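Following: one structure in structure tokens, then a few remarks.
Please read all numbers here as calculations on a predicted model, not as lab measurements. Convention: sequence-line order gives letters A, B, ...; per-chain numbering from 1.
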Number of protein chains: 2
Amino acid sequence: MDYDQLKLSKQICFPVYAASRLITKEYQPHLDRFGITYPQYLVLLILWETNPIAVNDIAKKMILNTNTVTPLLKRMETQGWIRREKNSSDERKVWIHLTQQGIDLKPEIAKIPELLLNGLEGSSIKLEALFQLRDQLHAMIEALAHK
Amino acid sequence: MDYDQLKLSKQICFPVYAASRLITKEYQPHLDRFGITYPQYLVLLILWETNPIAVNDIAKKMILNTNTVTPLLKRMETQGWIRREKNSSDERKVWIHLTQQGIDLKPEIAKIPELLLNGLEGSSIKLEALFQLRDQLHAMIEALAHK
DNA sequence: TGTATTTATGTCGTGTACGACATAAAATTA
DNA sequence: TAATTTTATGTCGTACACGACATAAATACA
């Protein structure tokens with residue numbers, strides 16, 4: 001039997017896993033300035049598009065379970081970025097709202113993706129390749145998330 | 001100021017992060033049969049290529065810190081897949097060896113990548129696209145890991 | 001040779017991830 | 001309407017992931 005497919009270099013899963021952690025690490029020094037983590041940054045991106053939003057809808061957008069999102073949001077509430085509010089008409093729901101502090105953070109954070117993309121100038125990574133990568137991954141996520 | 005780049009759908013980091021977790025989740029039911037996790041599976045792949053190998057070299061191949069790998073290996077030792085052995089000439093080093101149980105697992109695990117790829121037949125994901133994705137990610141990892 | 005530096009591994013604390021399960025409120029259905 | 005099911009959120013336990021730091025052995029070098 002040929003075990004060639006088992007080599008780490010042949011795997012498809014491994015480079016996705018490694019790239020994910022490496023990209024997060026690129027963000028980290030920039031996010032550290034505001035005391036937020038990478039998943040918390042994603043929550044803020046979502047809230048800057050939709051405010052307020054239910055816990056469940058945040059989890060769906062991030063493709064995470066609510067039991068991961070709940071403690072994450074609690075930490076963000078402690079730090080003053082968001083506040084939670086029970087829905088009066090449906091008592092099961094909890095609305096997540098941006099605080100003023102959370103709203104004010106947007107222009108600061110907006111500089112980061114730009115900064116990282118500019119950092120690629122002169123590197124071997126081409127912008128076109130990145131966008132192609134993103135679209136291919138979206139197709140894969142689409143196929144894997146709904147089955 | 002245009003905040004379009006801040007949309008979740010425009011991010012490059014997010015699909016990598018989400019795809020990583022979704023792919024791991026594809027492996028999980030197959031790995032569960034043997035009681036191993038996805039990172040533990042990666043350690044086994046490495047050991048099936050190089051046995052024995054030092055803790056540090058496993059960490060380098062996985063692009064992880066040793067303080068992540070150490071407890072992971074301890075769990076694998078408890079489960080009987082590997083054993084650790086102090087190097088006599090250099091007392092700092094610890095060699096990680098496959099046990100017979102770990103060696104015997106290889107043909108069982110070998111079926112998994114094949115099984116997952118076959119599962120894509122008829123889906124919207126094309127094999128060619130996957131291999132292209134892998135190579136693009138390798139290029140990105142290369143650029144990010146060594147700077 | 002003695003001191004400083006590097007290397008290899010590991011401990012500790014914090015923050016995700018997620019399966020299994022709990023709870024309460026809303027919606028469905030017998 | 002009463003019982004059942006679904007939905008929304010959350011608790012708990014286990015396993016990563018990583019920064020900061022600790023320790024001991026090997027190496028470099030004054």
For a quick test of reading the model: is some side-chain N or O of [X] closer than 4.0 Å to OP1 or OP2 of [N]?
X	N	answer
B/Lys74	C/dT9	no
B/Asn65	D/dG19	yes
B/Thr68	D/dA17	no
B/Tyr17	C/dA17	yes
A/Thr66	D/dT9	no
B/Thr37	D/dC16	yes
B/Arg75	D/dC16	yes
B/Arg84	C/dG10	yes

Check: Can you find a donor-acceptor pair, distance only, under 3.5 Å between B/Asn67 side chain and C/dT11 base?
Finding: yes
Notebook entry, point to check: Quick one: the side chain of A/Arg92 and the base of D/dT9, do they pair up donor-acceptor inside 3.5 Å?
Noted result: no
Margin query: Pick the closest DNA chain C nucleotide for A/Ser88 and for A/Leu72 by heavy atoms, then say which residue is nearer the 5' end.
Written below: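 Residue closer to the 5' terminus by nearest nucleotide: A/Leu72.
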Margin query: Keeping B/Ser20 on the side-chain end and B/Val16 on the backbone end, is there a donor-acceptor pair under 3.5 Å?
Written below: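 Absent.
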Next item on the list: Answer yes or no: is there a donor N or O on one side and an acceptor on the other, between the side chain of B/Gln11 and the main chain of B/Gln5, under 3.5 Å?
Entry: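 Yes; judged by distance alone, with no hydrogens or angles, the pair exists.
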From [atom1] of [X] over to [atom2] of [N], roughly how many Å is that when rounded to an integer?
X	N	atom1	atom2	value
A/Ile63	C/dG19	CD1	P	14 Å
A/Met76	C/dT16	CE	C1'	13 Å
A/Gln40	C/dG15	CD	P	8 Å
B/Lys60	C/dT7	NZ	P	9 Å
B/Leu73	D/dA15	CG	C1'	14 Å
A/Asp32	C/dT14	CG	C1'	13 Å
A/Glu85	D/dA8	CD	C1'	16 Å
A/Phe14	D/dA17	CZ	P	11 Å

Next item on the list: With rounding to the nearest 0.5 Å, note down the distance linking CG in B/Leu98 to CD1 in B/Ile103.
Entry: 5.5 Å
Which atom pair, heavy atoms only, marks the closest approach of [X] to [Y]?
X	Y	value
B/Thr70	B/Val55	OG1-CG1, 4.3 Å
A/Leu31	A/Ile112	CD2-CD1, 3.8 Å
B/Phe14	A/Tyr38	N-OH, 3.4 Å

Next item on the list: Return the nearest nucleotide to the side chain of B/Arg21; candidates are C/dC18, C/dG10, D/dT11.
Entry: C/dC18
Notebook entry, point to check: Heavy atoms under 4.0 Å, any strand shown: does A/Asp90 hit a base, just sugar-phosphate, or nothing?
Noted result: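 Sugar-phosphate contact only - A/Asp90 comes under 4.0 Å of backbone atoms but never of a base.
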Notebook entry, point to check: When we call it a touch if two heavy atoms are under 4.0 Å apart, what does B/Ser89 touch: a base, just sugar-phosphate, or nothing?
Noted result: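 The answer is sugar-phosphate, as B/Ser89 gets under 4.0 Å only of primed atoms, P, OP1 or OP2.
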Check: Starting at the 5' end of DNA chain D and moving along, which residue's nearest nucleotide shows up first, A/Lys25 or A/Asp57?
Finding: A/Asp57
